[in-house]
Protein chains: 2
Amino acid sequence: MGRTSDAKERLMEAMSELIWTGSYGTTSVDQICERAGVKKGSFYHFFESKTELAVTSIDHGWTEHRKKLDQTFSPVIPPLERIWRCFQEFRQEQEEMKAKHGRVLGCPIHSLGAEVSTTDDKLRDKLQEILAQFIRYYESALRDAHFQGIIDAPDSPALARIIFAYGEGLLLHARIWNDLSHLNEMEAGARRILGIKD
Amino acid sequence: MGRTSDAKERLMEAMSELIWTGSYGTTSVDQICERAGVKKGSFYHFFESKTELAVTSIDHGWTEHRKKLDQTFSPVIPPLERIWRCFQEFRQEQEEMKAKHGRVLGCPIHSLGAEVSTTDDKLRDKLQEILAQFIRYYESALRDAHFQGIIDAPDSPALARIIFAYGEGLLLHARIWNDLSHLNEMEAGARRILGIKD
DNA sequence: TGGGAAGTTGACCAGTTGGTTAAGTTGGCG
DNA sequence: CGCCAACTTAACCAACTGGTCAACTTCCCA
């Protein structure tokens, strides 16, 4: 019943892109609407606030991204190989973003988290949720690697947090320096953390 | 000659605090002025723009912070001890900030970098400069540790970048989760990265 | 002591902010 | 076909944005 529209999807996509290329604070509702080709009245027909759009579009983007991650971290793939592939995909994604926007953009979840976590509770809660889920991919890969005797990691959650913090730190440096080469050392650094010689 | 004033210092301090507790984008000139007890006309007597105040106050804060770091990383102190002390000071500072503001604030340089590095060139350049300087503390400590045979680190700059990225990642997680306990594992994680058993 | 540089003040600006509203248009479905 | 829910539109809002300015006060120094 009633009319149909893809304005909601267009708004979510515009918001995601603007947050990633810029920041939440400097992204105005007018900008979002312009990029999405949607009038402001329609914006507030679909979303009750700018924050709600952000939460919804971040959530939607993560749900999409998880599909790829589920493949990357498939139990069929050797455990450490999963992690190296994940790093390669980080790199590929950042390359694409640099080609498209002329800038290395890093991880939108962390950039947004750094910006809003003291001021926007709803957004912060969503970001926490996503980050906590992400760590589980590392965690289960490391647990598998430990049980296969590939690495020595009796405390895989702790080790996963180290790898995670390290990877996010690198991604952030890549954004700040607008330089993909920071990502080159990701695997080597992780090997060092995992205590793998080579 | 003429009148003297500490309004400039008050503005810098207000800006630093507001950036740290919130973000650059959500900090308005009016807010800064109110907190500093300075009228807007005076603001623009001392600074040509909001960006310039941010650059100046960040720079000033770093110059102050370096004094402490120079002591922490004194060549007199055993090299790895310097790093552990630095971590302890991170923790102490975050504890103080949490007591004062009710929130874990993380590293203002990185939070700011995540937010503005795609949009504000002057600010980004300043942040890059500071971060590059910070890494050197780790770097020289690691070089010393290597030459003293305490660790195996032929490529100390690369290792310093790993430790740095890791530490910043943890600080960011502490901010996002508003939880100091993320910092507890800092030394243990760094030991693992450095390949130290214990 | 007094000239003048340095600092202060509050009124002012145009543009933008997130958000509202009421009247209109569309098209799925009974 | 025609109803009516779903969607669109443009005009509107008060508060706030970063920034300006000319008149005024202070107080250092010659």
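All figures in this text were calculated on a predicted structure; none of them were measured in a lab. Numbers restart at 1 for each chain; the letters A, B, ... are given by sequence-line order, proteins then strands.
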Give one of base, sugar-phosphate or nothing for A:Ser5, where a contact means two heavy atoms less than 4.0 Å apart.
sugar-phosphate
Show each protein N/O and nucleotides 28-30 of chain C N/O combination with a separation under 3.5 Å, one pair to a line.
from   : atom 1 : to     : atom 2 : distance (Å)
C:dG28 : O4'    : A:Gly2 : O      : 3.3

Member of B:Lys67, B:His60, B:Arg66 meeting the side-chain hydrogen bond (donor to acceptor under 3.5 Å, both in side chains) criterion with B:Glu64
B:Lys67
How sharply is the helix from C:dT1-D:dA30 to C:dG30-D:dC1 bent, taking the axes over five pairs at either end and rounding to 10 degrees?
10°
Using side-chain contact (heavy atoms from CB on, under 4.5 Å) as the criterion, list what pairs up with B:Asp59, not counting sequence neighbours.
B:Thr63, B:Lys126
Pick the nucleotide of DNA chain C nearest each of B:Gly37 and A:Phe43; which residue has the one closer to the 5' end?
B:Gly37
In this structure, would A:Ile193 and B:Leu80 fall into the same cluster of hydrophobic residues linked by side-chain contacts under 4.5 Å?
yes
What is the separation between atom CZ on A:Arg10 and atom C1' on D:dC7, rounded to the nearest whole Å?
11 Å
Go through B:His110 and B:Leu171 one step at a time and tell me if the side-chain contact (heavy atoms from CB on, under 4.5 Å) criterion holds.
CA-CA 9 Å; B:His110 274 80; B:Leu171 244 9; over 6 Å; no
Modelled atom types, side-chain donor and acceptor of A:Asp30 and A:Ser28, under 3.5 Å:
no
Under the side-chain hydrogen bond (donor to acceptor under 3.5 Å, both in side chains) test, which residues partner A:Trp62, sequence neighbours left out?
A:Gln133
Counting neighbours of CD on B:Glu34 that are heavy atoms of other residues, nucleotides or ligands and sit closer than 6.0 Å, is the number greater than 12?
no
Can you find a donor-acceptor N/O pair under 3.5 angstrom joining the side chain of B:Lys40 to the base of C:dG10?
no
Check the pair A:Thr51 / A:Val116 against side-chain contact (heavy atoms from CB on, under 4.5 Å), numbers first and verdict last.
CA-CA 10 Å; A:Thr51 293; A:Val116 306; over 6 Å; no
Considering residues, nucleotides and ligands other than B:Glu13, do more than 12 of their heavy atoms fall under 6.0 Å from its CD?
no
Just how far, in rounded Å, is P of D:dT25 from NZ of B:Lys39?
15 Å
If only side-chain N and O atoms count, and only distance matters, is there a donor-acceptor pair under 3.5 Å linking B:Tyr24 with B:Ser111?
no
Pull out every residue in residues 44-61 of chain B that has a heavy atom closer than 4.0 Å to any atom of DNA chain D, ordered by number, or say none.
B:Tyr44, B:Ser49, B:Lys50
Rounding to an integer number of Å, can you tell me how far B:Asp6 CG sits from C:dA6 P?
18 Å
In terms of side-chain geometry, is the basic nitrogen of B:Glu81 or B:Arg85 positioned less than 4.0 Å from the acidic oxygen of its partner?
yes
Checking A:Tyr137, A:Phe134, A:Trp84 against A:Phe73 for ring-ring contact (aromatic ring centres under 6.0 Å, His included), the one that qualifies is A:Tyr137
Under the criterion side-chain contact (heavy atoms from CB on, under 4.5 Å), I'd like the reasoning laid out for A:His173 against A:Asp179: C-alpha separation, chi angles, the key distance, then a yes or no.
CA-CA 8 Å; A:His173 289 157; A:Asp179 186 353; over 6 Å; no
Below 4.0 angstrom, which residues in residues 19-35 of chain B have at least one non-hydrogen atom near DNA chain D?
B:Thr27, B:Ser28, B:Val29, B:Asp30
